[in-house]
Number of protein chains: 4
Amino acid sequence: MSEGKQGGRPRDEQVDRAIARAARELLAERGYTGFTVDAVAARAGVGKAAIYRRFPTKQELIYTVAIHGANGEPPADRGSLAADLTAVCRTLAEQLAAAPPGVYTGLLADLYGSSGLATRFSEVFLARQRAVLEEVLGRAVARGELAAAPDPLVLHALVVGPLFVWLFVLGGAPEEVRKLVDTVVAGVLAVLR
Amino acid sequence: MSEGKQGGRPRDEQVDRAIARAARELLAERGYTGFTVDAVAARAGVGKAAIYRRFPTKQELIYTVAIHGANGEPPADRGSLAADLTAVCRTLAEQLAAAPPGVYTGLLADLYGSSGLATRFSEVFLARQRAVLEEVLGRAVARGELAAAPDPLVLHALVVGPLFVWLFVLGGAPEEVRKLVDTVVAGVLAVLR
Amino acid sequence: MSEGKQGGRPRDEQVDRAIARAARELLAERGYTGFTVDAVAARAGVGKAAIYRRFPTKQELIYTVAIHGANGEPPADRGSLAADLTAVCRTLAEQLAAAPPGVYTGLLADLYGSSGLATRFSEVFLARQRAVLEEVLGRAVARGELAAAPDPLVLHALVVGPLFVWLFVLGGAPEEVRKLVDTVVAGVLAVLR
Amino acid sequence: MSEGKQGGRPRDEQVDRAIARAARELLAERGYTGFTVDAVAARAGVGKAAIYRRFPTKQELIYTVAIHGANGEPPADRGSLAADLTAVCRTLAEQLAAAPPGVYTGLLADLYGSSGLATRFSEVFLARQRAVLEEVLGRAVARGELAAAPDPLVLHALVVGPLFVWLFVLGGAPEEVRKLVDTVVAGVLAVLR
DNA sequence: AACTAACCGAGACGGTACGTCACGTCTTTCG
DNA sequence: CGAAAGACGTGACGTACCGTCTCGGTTAGTT
């Protein structure tokens, strides 16, 4: 519909892939701080312009390649709110832990002031997480486990907050995240009652 | 003792204040990302060397002027774990909300790789928070409210995580933090039982 | 003959004209330095490829559209060397002054290293000027005004040099070129004697 | 007088020299077109900022280091206008020929549009040449060789024009510039009479 | 009263990344 | 095959900020 005329040479998907691949590698090797657009261009065998044609900013590039999945598929119904919530939390924790070090914190820091990426982050990444939580909550209401679904924003904070700070602020061991997840779920369930 | 010979002109405390003041203003005006040492020097009417004589890096400067208090005094005993915990959480939330926007997230991002500030942050700022938590937990054990104090790291994550993401990630309204605090405390108490 | 198979769609002459027109306009508006091929394509409503199909480089395009005439027709015999030389010089001066500002100097600068255009410039543009000079010199010899024709290269320098620097280096007023021409001719005649 | 406060670390003259030296070398090695500020910085062992602190633009740098002398000292009085003029022309020709290839033409091309450098070029480089010519003319008037000094701008064009185009446009042999100088001087003298 | 050491504002230093721009080529779709 | 559109690799541009260093000059405490 409102796509406008097409025309012109289409973007080369091989270039897309080369950029994404190089960016991911460099993010893993050098971390958020040491990440350079020039280095991405060099490793991808690509001009810088090809990168900036796709991503208005270095941060958008990182966001796109590193927070790739943000899958948002709600988990299969496991029959109880406790089980569903545990599954969601584990997926979330894995997603957070999967990114190269410093990516989430770096991105979060660069979000202030760059309204463009900030809204995309909120409206895509976070909104999708919240949607999953609402789905799980809806199932519980349908089952009769809950009288009414609570404020999803509060629930969101209760769920991702501990995971986030455990991994990125407090330096908690990634192996023990599962234990933390159990505790988080227990607390949340108690509050929802 | 191991102060070395003194000699020479002492530091001008007016310079200390001018730097702190200028830094705080600029942090508030431009946020963490737009904050530059040159701008601080210019606004404070001070040479850059005077700043770097006091702070080894830009991050240390920001940490010092913006996370000032980090006081760490445990609250007065309010007679119950619930009341103590609520008081601690409220103080914590106020402290987080008091800093100019982007300071905590920016600092957190710059912590990766700069071992110096990272350890100071962990060993002073976070350790102090944890000590406060352990104190109120100890009181609860003494009172007989709890059989044994739980893992303080987990508790720390459960308490500070939701507040952090509410304020800095999810964009929750600062006015509603008190409501969130109540929920957090309720959840934590349920888990500790 | 050596044209090769023709075949296929013939070049659209309307495109030729659109390119030439856009190029001339942009040269006049932005000068040699600010002149870009993309801008020509955009203004002409033409693809860049259509331009590069016609001109191997930006310089060739400029050369072709801006130094168009370079006609090289020797002037009608005016009966004396002085009159012939004056006519030649005036034509030359008009030609130099006709190009948008910066074209001659810009082209001259880009000639270093680009052997292709450099030889074409020498062998077409300059050689043609020199041929005209040799023609009027030949007439003078035939008339008995001169014993022998002098070195044409030296004469070329004596004639075109002052005009060039007057217009493009010294910033002399274009209206006063005629006065300069008279002086140049007088000097040249004196030397040839 | 109106020098303003000094303050601050003074420019390091060694850096001045390193930049000038590197720039001259690179100009000689790669010519005007291949000349890069980054390369100058790299070879001089200097940051780019140090260069841009001294020269607002690449062209100013080239102008300063390559048209260095522009000495402007009028030659010793040789007793006659012919001898003085010959000396001036030879000096001029040597100066033009001394610069690395493409410098004069490149600079000339870049002068259009950059009013800053353009006026400096006119008011320093060209004005100085013209002053020398006026000095020589003044001597001739004082000697009684000339009734009145002619328009210096015209004389300037007559003198420098042929040399310029001989060297940079027509591709005349530099060895034969002396012969050209003699012819130029003869023509000019004839005109001045 | 002189000396000395550390301070002060100012600002230059080497380094490094940024995002933009133009070149001339290549690759689409359409006529 | 020509044409419009526009992406491609290359490579320079000039700007910004970092943390350090160097000026000339000031301000204590120590001789």
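Letters A, B, ... mirror the listed sequences (proteins, then strands); counts begin at 1.
Here D/F168 pairs with D/Y104, D/F164 under the ring pair (Phe, Tyr, Trp, His ring centres under 6.0 Å) rule; sequence neighbours left out. Scanning for ring pair (Phe, Tyr, Trp, His ring centres under 6.0 Å) contacts around B/Y52 gives an empty result, with sequence neighbours left out. Scanning for salt bridge (Lys or Arg N to Asp or Glu O under 4.0 Å) contacts around C/R30 gives an empty result, with sequence neighbours left out. With sequence neighbours excluded, the residues forming a side-chain contact (heavy atoms from CB on, under 4.5 Å) with D/A20 are D/R24, D/V65, listed by chain and number. Judged as a salt bridge (Lys or Arg N to Asp or Glu O under 4.0 Å), and not counting sequence neighbours, D/R9 has no contacts. In this view, D/E25 and D/R21, D/R43 satisfy the salt bridge (Lys or Arg N to Asp or Glu O under 4.0 Å) rule, not counting sequence neighbours. Among residues two or more places apart in sequence or in another chain, the ring pair (Phe, Tyr, Trp, His ring centres under 6.0 Å) test is passed with D/F35 by none. Annotation: side-chain contact (heavy atoms from CB on, under 4.5 Å) contacts of D/Q14 (sequence neighbours excluded): D/D12, D/R17.
Nucleic acid contact class of A/R53 (heavy atoms, under 4.0 Å, all strands): base.
Sorted by first and then second residue, the salt bridge (charged side-chain N to carboxylate O under 4.0 Å, His left out) pairs with a member in residues 51-62 of chain A read A/D16-A/R54, A/E60-A/R120; sequence neighbours excluded.
The stretch residues 36-51 of chain A comes close to DNA chain F through A/G45, A/V46, A/G47, A/K48, A/A50, each having a heavy atom under 4.0 Å from the strand. Within residues 26-35 of chain D, no residue has any heavy atom closer than 4.0 Å to DNA chain E.
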statement: Readout for nucleotides 23-31 of chain F: B = base within 4.0 Å of protein heavy atom, S = sugar-phosphate only, - = neither; 5' to 3' it is B-BBB----
